[in-house]
Structure formats: C-alpha cells, structure tokens
Amino acid sequence: METFSTLTSNFIPLPIDDVDTDMIIPARHLRNTGRTGYGAFAFENLRRDNPTFPIGNPSYSGAAILVAGNNFGCGSSREHAVWALREIGIRVVIAESFADIFRNNAEKNGLLPVVAERPVIEKLWQVPVDKSATITVDLSTQTVRSDALDASFAFTCDPFRKHCLLNGFSDVDYLLSHKEEIARHFQVAGTRRFLRVD
C-alpha cells in the first residue's frame, strides 16, 4: 500500500448527501475478482445523466481530493467503491460524515476519510473552478489547510490506522513488521516449532 503523509491537490466538489456505494460503482460492474478495472465506471450513472458532473470533468483533472456531503459511502459494504475511487486518483475524501464500513474499507486501502463541519464543506463547494485552488491534508498533524478557507481545521484519525497509512501498511504488513517480536514470544513460550518466520 502507498504511504500517506501530506497531500496538496486541487479538489473535486461533490455537493451531494448520502452518496452510496452503488452511486460510486454500480453493482453491474462487480464482476472482476481483482482490485482494478473499476475506475472507468466510477459514478457512471450520475455522469451519464449529467454531462457537467464533476467526476471525469477535465476542469478537475488530476484532483486527488473529493469534497462531499453527509453520510458518504452508505449503502452496501462493497470494498469495490474504495477501489474505484483510488483508481481515478482519489486519496482523500472530505465529508460531513462517513458510513462506518466505508470508512474502514477506505483506511485499509490507503484512502483517507476526513470529517469536516458543514460550513467548511459548503465553502469549499462554492470555490470557483481553478486548479490553483488547492487543499493540503497533513496526516501527521491531522490538519487540513486551504487558501479558500482562510483557515485550517483539525480532523481525527484512529491511531492504528494513522500508523498504517503513514507507513503504507496493510493489516498483514503491520503484522509482518512485528515478526521478530512475534518469533521471540513463541520462542519464550517454547512453541517456536509451530511458527514459520521467513
């Protein structure tokens, strides 16, 4: 998994509440057994019905931050939604709140969910399209800065997930980073024969 420390990027406004996982990646595209191939279908229905929809709009090309409304990632628990967002280049979603399962899936796949208050989000939605209008997200200090806000704000992040994101660890990577301590534990317990540490 990629490490995440500090990201400065232009951003995509998505002024919609209750964005569910079927909006992000329609169920008809969940045929692949891998983690790739979903980005082309991200927000497909909304893009088809609205030619000016911001996802896929050249005005926001290269943006790695999505600014959405309340209850982002609700609906089914499909991890594919996170994979689709990552594949179109999104590393951070700023929203008023997140569905719990989506949040967990996001953090395990290198996508940082950031909770912000509604007035902050609405102010970002109103920023004119301009690639020089950027947001800086600093995970180490857990702060978000933007010239558009004339201020910064703090966000919370589970300490374990923060550690994994900063180091680019999946859950398995985290366990492997402690393999020497694990081996010592089993050695002391006299059960080393049951543990294979390559």
Sequence-distant partners of [X], side chain to side chain contact (heavy atoms under 4.5 Å, CB included), two or more places apart:
X	answer
Asp100	none
Ala116	Ile94, Val120, Ile121, Phe153
Glu2	Arg86, Arg91

Sub-3.5 Å donor-acceptor pair from the side chain of [X] to the main-chain atoms of [Y], do we have one?
X	Y	answer
Asn57	Tyr60	no
Asn105	Ser77	yes
Asp20	Met23	yes
Tyr38	Asn32	yes
Arg35	Ala84	no
Asp173	Ser170	yes
Asp22	Ala27	yes
Trp83	Asn109	no
Arg47	Ala42	yes

Residues, nucleotides or ligands: over 12 heavy atoms within 6.0 Å of Ile101 CD1: no
Flag the pair Glu44 and Arg28 as a salt bridge only when some basic side-chain nitrogen lies within less than 4.0 angstrom of an acidic carboxylate oxygen. yes
Any salt bridge between Asp17 and Arg118, counting N to O under 4.0 Å? yes
Identify the heavy atoms of [X] and [Y] that sit nearest to each other, and give their distance.
X	Y	value
Gly73	Ala99	O-CB, 3.3 Å
Leu85	Phe43	CD2-CE1, 3.8 Å
Phe102	Val82	CE1-CG2, 3.7 Å
Ser9	Gly62	OG-O, 3.9 Å
Ala95	Gly69	CB-O, 3.2 Å
Cys157	Leu139	SG-CD1, 4.1 Å

[Y] side chain reached by [X] side chain, heavy atoms, under 4.5 Å:
X	Y	value
Val114	Leu112	yes
Phe155	Pro113	no
Leu7	Val92	yes
His163	Asn167	yes
Ile12	Ile55	yes
Met1	Lys108	no
Leu165	Thr3	no
Phe72	Val93	yes

With sequence neighbours left out, what residues match [X] under salt bridge (charged side-chain N to carboxylate O under 4.0 Å, His left out)?
X	result
Glu87	none
Arg48	none
Arg103	Glu107

If hydrophobic clusters are built from ILVMFWY residues whose side chains come within less than 4.5 Å, do [X] and [Y] share one?
X	Y	answer
Leu30	Ile88	no
Val129	Val67	no
Ile16	Leu124	no
Trp125	Ile65	yes
Val115	Ile90	yes

Taken to the nearest 0.5 Å, the spacing of Ser146 OG from Asn10 CG works out to 11.0 Å
Interatomic spacing from CG in Asn45 to CG in Asn50 - rounded to 0.5 Å: 12.5 Å
Would you please test Leu149 and Lys123 for side chain to side chain contact (heavy atoms under 4.5 Å, CB included) and show each step? CA-CA 7 Å; Leu149 296 174; Lys123 189 169 184 179; 4.1 Å; yes
Distance-only side-chain donor-acceptor flag, Ser97 / Asn70, under 3.5 Å: yes
Quiz question: by atom type and distance under 3.5 Å, do the side chains of Ser76 and Thr21 form a donor-acceptor pair? yes
Check the pair Asp147 / Thr134 against side chain to side chain contact (heavy atoms under 4.5 Å, CB included), numbers first and verdict last. CA-CA 7 Å; Asp147 291 341; Thr134 61; 5.7 Å; no
Yes or no on side chain to side chain contact (heavy atoms under 4.5 Å, CB included) for Leu14 and Val19, after CA distance, side-chain angles and deciding distance? CA-CA 9 Å; Leu14 188 64; Val19 172; 4.1 Å; yes
